[in-house]
Protein chains: 2
Amino acid sequence: MIQIEKKDKKKSKNTNPTIKDVARLADVGIATVSRVINNSGKVSEKTREKVLSVIEELAYTPNIHARTLSSKNIESLSFVVPDMGNEFYSIIYSLLEKRLSRSNYRLIVFPLIDQVALQKIKQNTDMIYQTDGVFICSFSISKIFQNRTPPKKIILIDSFDDRFDSVYVDNEKIGETAAEYLLKNSPHKTNYYLITFKELDNEFTSFVFEKRDKGFLRVMKQHNKRVKVVYADLMWDGGYKAMESLIKRKPKNYVSIFSTCDMLGVGVKKYLEEKNMIPKKDYSLISVDNLPISRLFRLTTIRQPLSEMAEIAYRMFISSLKGREKVEHHKLTCKIVERET
Amino acid sequence: MIQIEKKDKKKSKNTNPTIKDVARLADVGIATVSRVINNSGKVSEKTREKVLSVIEELAYTPNIHARTLSSKNIESLSFVVPDMGNEFYSIIYSLLEKRLSRSNYRLIVFPLIDQVALQKIKQNTDMIYQTDGVFICSFSISKIFQNRTPPKKIILIDSFDDRFDSVYVDNEKIGETAAEYLLKNSPHKTNYYLITFKELDNEFTSFVFEKRDKGFLRVMKQHNKRVKVVYADLMWDGGYKAMESLIKRKPKNYVSIFSTCDMLGVGVKKYLEEKNMIPKKDYSLISVDNLPISRLFRLTTIRQPLSEMAEIAYRMFISSLKGREKVEHHKLTCKIVERET
DNA sequence: CTGTTAGCGCATTCAT
DNA sequence: ATGAATGCGCTAACAG
């Protein structure tokens with residue numbers, strides 16, 4: 001009875017073949033199979049082939065969990081990111097992934113799009129705690145791991161924290177640069193606009209936009225310029241709608257606009273073009289990012305060095321693997337890419 | 001001596017705390033700790049608190065691999081995709097992820113950007129074989145898993161194969177629809193252009209573009225219209241450059257263009273606008289996808305029902321979990337979203 | 001309620 | 001060159 005029950009259980013479970021099954025059918029020990037799989041140790045050509053053929057026949061695939069449990073060799077990394085739909089992040093991701101793939105690491109994406117996603121990470125049972133390292137994009141890290149001890153290797157991309165490796169840009173400086181650019185290119189009678197994005201003040205806040213705003217407004221204030229601030233949705237038509245609410249027809253004054261990212265800048269320029277306004281004659285516009293699309297639009301923009309950021313993040317991870325203890329911080333400078341606007 | 005060595009080993013390994021450590025410090029059995037972690041079984045409030053405090057103190061996080069090994073409960077899914085940088089895919093991803101997150105599944109992204117990535121998957125040791133199911137976007141599946149038996153649950157998104165659940169659109173039909181739209185809106189003297197993307201004929205080929213081309217060209221041929229075909233890069237300025245090579249200044253004839261995706265369509269329209277050509281007066285343009293950006297550009301486009309696709313993919317996965325055996329195929333219809341062009 | 005124990009699938013000595 | 005045995009960290013009976 002007991003035996004039958006056991007058998008039934010096994011059958012019904014429809015379990016995958018294991019190393020044992022392979023060993024049995026190949027008439028060898030499991031150690032030998034293991035050697036074949038890992039190309040380690042000495043195995044005679046004959047047995048190797050026999051084992052391989054059984055593996056093929058059974059469509060056997062080694063259980064990765066058993067494997068890492070046994071060897072402590074995980075080789076996976078986490079990539080925590082606000083929104084993969086944003087080209088900014090998907091580009092960084094691709095760059096990092098390409099770099100890592102050669103080193104046999106898996107980059108697992110953890111998109112923190114909502115509270116549910118955040119809650120998952122906060123449960124210490126989450127997969128993120130089992131990876132060899134975590135790249136965090138844009139987020140203020142303390143919010144994510146709060147009082148909980150975070151995973152071992154943490155590398156911050158596009159944000160800063162004393163305690164962890166980081167590569168980032170000076171967002172306040174970006175705001176200042178934008179202000180100076182506009183000031184330089186604007187006549188006396190100019191309407192200044194800041195089109196930006198307001199993050200909800202919650203655990204997700206990255207302060208990236210806030211800092212750009214701050215730097216920009218500070219310089220403008222120093223020059224006694226009044227700025228009208230409009231908060232837009234972070235979508236392709238966000239900038240368009242913002243401008244729509246601001247300008248109904250071509251105004252008398254010159255218009256100077258700082259849109260805090262390309263995604264907004266595209267819409268802004270589109271709207272102004274529709275109002276027959278000519279860049280540098282009727283308006284100036286500067287945005288931030290230098291995403292591929294900004295080239296198509298001939299947007300003047302402040303370049304975020306994405307490939308450098310990815311490269312440095314990668315290097316910090318590798319050097320940390322090799323035993324580096326001291327925390328590294330890389331503050332990258334951003335230059336203006338001047339185009340049509 | 002031996003003991004010392006062992007200790008050293010342990011220390012130097014800097015291993016994470018295990019359930020045993022927690023149990024020892026909390027002065028309970030490991031089963032109790034397990035119960036606390038999983039909120040299962042009965043544990044007295046006193047011991048629960050004690051255990052939790054030790055967990056906190058040790059910053060203990062359960063080893064997910066041991067866990068799944070022991071419980072056979074993996075709860076992760078794969079998402080195989082050509083390029084997360086393409087909004088088309090990142091949107092599907094987000095939709096799917098949002099849907100799944102409520103069911104406690106992790107969606108792991110496997111971007112097949114190059115041969116290296118493909119090789120990884122072909123090694124049967126890859127993580128992808130350990131997930132509960134695989135969503136595959138756009139790829140011709142036989143190329144990926146070739147003769148190897150693929151993982152259990154496979155769900156095809158935006159591609160079709162007899163053997164697996166699939167949700168897709170009829171891309172030849174899309175081409176036909178585009179042709180009919182242009183034919184309807186074009187005067188007798190019209191230059192027809194097809195701006196499309198040529199996939200390398202390798203294991204990655206999805207045939208999506210090829211099919212759209214085919215459907216389009218067939219109908220055009222039926223109507224005895226000659227079409228000039230241009231292959232563009234799949235980038236934001238791809239369509240722009242293609243048009244640049246085609247038209248130097250505003251031509252005498254009416255121009256009708258089918259660009260096989262929005263990413264190309266945006267550039268096409270941008271170029272025509274710069275040449276002062278007026279939509280529906282000087283040219284017609286239809287593309288495919290209906291990505292968010294196509295709205296900003298008032299592109300007439302053939303809508304791909306992304307949310308439906310994600311939803312159906314999700315449902316197919318769930319029903320398959322619940323024991324459905326029969327393969328399902330969902331062919332979705334695509335309607336024209338007529339805007340400015 | 002709680003502790004003990006038997007695997008989960010595999011890598012890895014250690015014998016042979 | 002190869003097989004048997006041990007343990008990785010955990011869950012799930014089982015026995016108190």
Side-chain angles (χ1 to χ4, degrees), chain A residues 2 5-6 9-10 13-51 54-55 58-75 124-127 129-130, chain B residues 2 5-6 9-10 13-51 54-55 58-75 124-127 129-130:
Chain A
I2 293 170
E5 220 177 305
K6 269 193 177 175
K9 220 177 178 178
K10 261 198 175 173
K13 273 266 181 178
N14 186 20
T15 75
N16 289 333
T18 74
I19 198 172
K20 249 185 206 162
D21 299 322
V22 175
R24 186 161 31 76
L25 266 80
D27 203 34
V28 297
I30 62 169
T32 303
V33 177
S34 178
R35 283 179 197 112
V36 171
I37 296 169
N38 299 293
N39 251 310
S40 63
K42 298 289 166 195
V43 182
S44 78
E45 198 48 41
K46 221 192 290 179
T47 43
R48 151 169 270 104
E49 272 169 27
K50 192 167 53 177
V51 169
V54 173
I55 286 179
L58 258 48
Y60 164 74
T61 63
N63 182 312
I64 198 174
H65 298 102
R67 214 153 200 231
T68 64
L69 223 209
S70 176
S71 68
K72 299 217 165 290
N73 203 12
I74 307 188
E75 302 193 337
N124 55 187
T125 58
D126 197 83
M127 193 160 165
Y129 292 97
Q130 306 302 324
Chain B
I2 293 171
E5 221 176 306
K6 269 192 178 175
K9 220 176 180 178
K10 263 197 176 174
K13 274 265 182 180
N14 187 20
T15 75
N16 289 332
T18 74
I19 197 172
K20 248 185 206 160
D21 299 322
V22 176
R24 187 162 32 77
L25 265 80
D27 204 33
V28 297
I30 61 170
T32 303
V33 177
S34 179
R35 284 181 197 109
V36 171
I37 297 169
N38 298 294
N39 250 311
S40 63
K42 298 289 167 196
V43 182
S44 80
E45 199 46 43
K46 220 192 289 177
T47 42
R48 148 168 273 105
E49 271 170 26
K50 192 167 54 175
V51 169
V54 173
I55 286 180
L58 258 48
Y60 164 75
T61 63
N63 182 313
I64 198 175
H65 298 103
R67 213 157 201 222
T68 64
L69 224 209
S70 174
S71 68
K72 298 219 166 287
N73 203 13
I74 307 189
E75 303 192 335
N124 54 188
T125 58
D126 196 84
M127 194 161 166
Y129 292 97
Q130 306 303 323

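Lettering of chains follows the sequences in order, A, B, ..., and the numbering in each one begins at 1.
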Revision key, fill the gap. So, with a heavy-atom separation below 4.0 Å from DNA chain D, the residues of residues 20-28 of chain A are A/D27, A/V28
Practice item. May I ask you to evaluate whether B/T32 reaches the phosphate of C/dC1, defined as a side-chain N or O under 4.0 Å from OP1 or OP2? Key: no
Practice item. Return no unless some side-chain N or O of B/T47 is found under 4.0 Å from OP1 or OP2 of C/dC1. Key: no
Exercise for review: Give the rounded distance in Å between these two atoms: CZ of A/R48 and P of D/dG3.
Suggested key: 14 Å
Point to revise | Axis bend over the full length of the helix from C/dC1-D/dG16 to C/dT16-D/dA1, computed from five pairs that close each end, to 10 degrees | key: 40°
Study note, to complete from the structure: Heavy-atom nearest pair, B/Y60 first then B/V22, reads CG-CG2, 3.7 Å
**Study point:** 5' priority, DNA chain D, between B/I30 and A/V33 [closest heavy atom]
**Key:** A/V33
Check your understanding: Given that A/N38 and B/A66 both sit by DNA chain C, which one's nearest nucleotide is further toward the 5' end?
Key -> B/A66
Review point. About how many Å separate CD of B/E49 and CD of B/E45, when rounded to the nearest 0.5 Å?
Key: 5.0 Å
**Study point:** Residue of the set A/L25, A/T18, A/N16 for which side-chain contact (heavy atoms from CB on, under 4.5 Å) holds with A/L58
**Key:** A/L25
Check your understanding: Which part of the nucleic acid, if any, lies within contact of B/I37, taking any heavy atom under 4.0 Å across all strands shown: a base, the sugar-phosphate backbone alone, or nothing?
Key -> nothing
Practice item. Decide yes or no for B/V28 and B/R48: does some side-chain heavy atom of the first lie under 4.5 Å from some side-chain heavy atom of the second? Key: no
Check your understanding: Within less than 4.0 Å of OP1 or OP2 of C/dG9, is there a side-chain N or O belonging to A/R67?
Key -> no
Exercise for review: Remember a base hit wins even if backbone is also touched, and classify A/S34 as base, sugar-phosphate or nothing at under 4.0 Å, heavy atoms.
Suggested key: base
Review point. Looking only at atom types and distance, does a side-chain atom of B/S70 sit under 3.5 Å from a main-chain N or O of B/R67, one as donor and one as acceptor?
Key: no
Practice item. Choose from C/dT12, C/dC10, D/dC10 the nucleotide whose nearest atom is closest to any side-chain atom of A/S71. Key: C/dT12
Point to revise | Residues forming a side-chain contact (heavy atoms from CB on, under 4.5 Å) with B/D27, sequence neighbours excluded | key: none
Review point. Which part of the nucleic acid does A/S40 contact within heavy-atom distance under 4.0 Å: base, sugar-phosphate only, or nothing?
Key: nothing
**Study point:** Close side-chain approach of A/I64 to B/Y129, heavy-atom, < 4.5 Å
**Key:** no
Study note, to complete from the structure: dist B/D21:CG -> B/I55:CD1 (nearest 0.5 Å) comes out at 11.5 Å
Practice item. Go through C/dT4, C/dT13, C/dC10 for me and flag the one nearest to the A/I19 side chain. Key: C/dC10
Review point. Picking from D/dT2, C/dT2, D/dG9, which would you name as closest to the side chain of A/L69?
Key: D/dG9
Practice item. Starting from C1' on C/dC1, measure out to NZ on B/K50 and report it in whole angstrom. Key: 13 Å
Point to revise | From C/dC10, C/dG3, D/dC10, nucleotide with atom closest to B/R35 side chain | key: C/dG3
Exercise for review: Give a yes/no on whether any side-chain N or O of A/Y60 is located under 4.0 angstrom from OP1 or OP2 of C/dC10.
Suggested key: yes
Point to revise | From D/dC10, C/dG9, C/dT2, nucleotide with atom closest to A/S70 side chain | key: C/dG9
Practice item. Could you grab the distance from atom CE of B/M127 to atom NE2 of A/H65, nearest 0.5 Å is fine? Key: 6.0 Å
Point to revise | Backbone of B/P62 reached by a side-chain donor or acceptor of A/Q130 within 3.5 Å | key: yes
**Study point:** Between C1' of D/dC10 and CG of A/N63, the distance in whole Å
**Key:** 14 Å
Practice item. Whole angstrom is fine here: how far is it from CD in B/Q130 over to C1' in C/dG9? Key: 10 Å
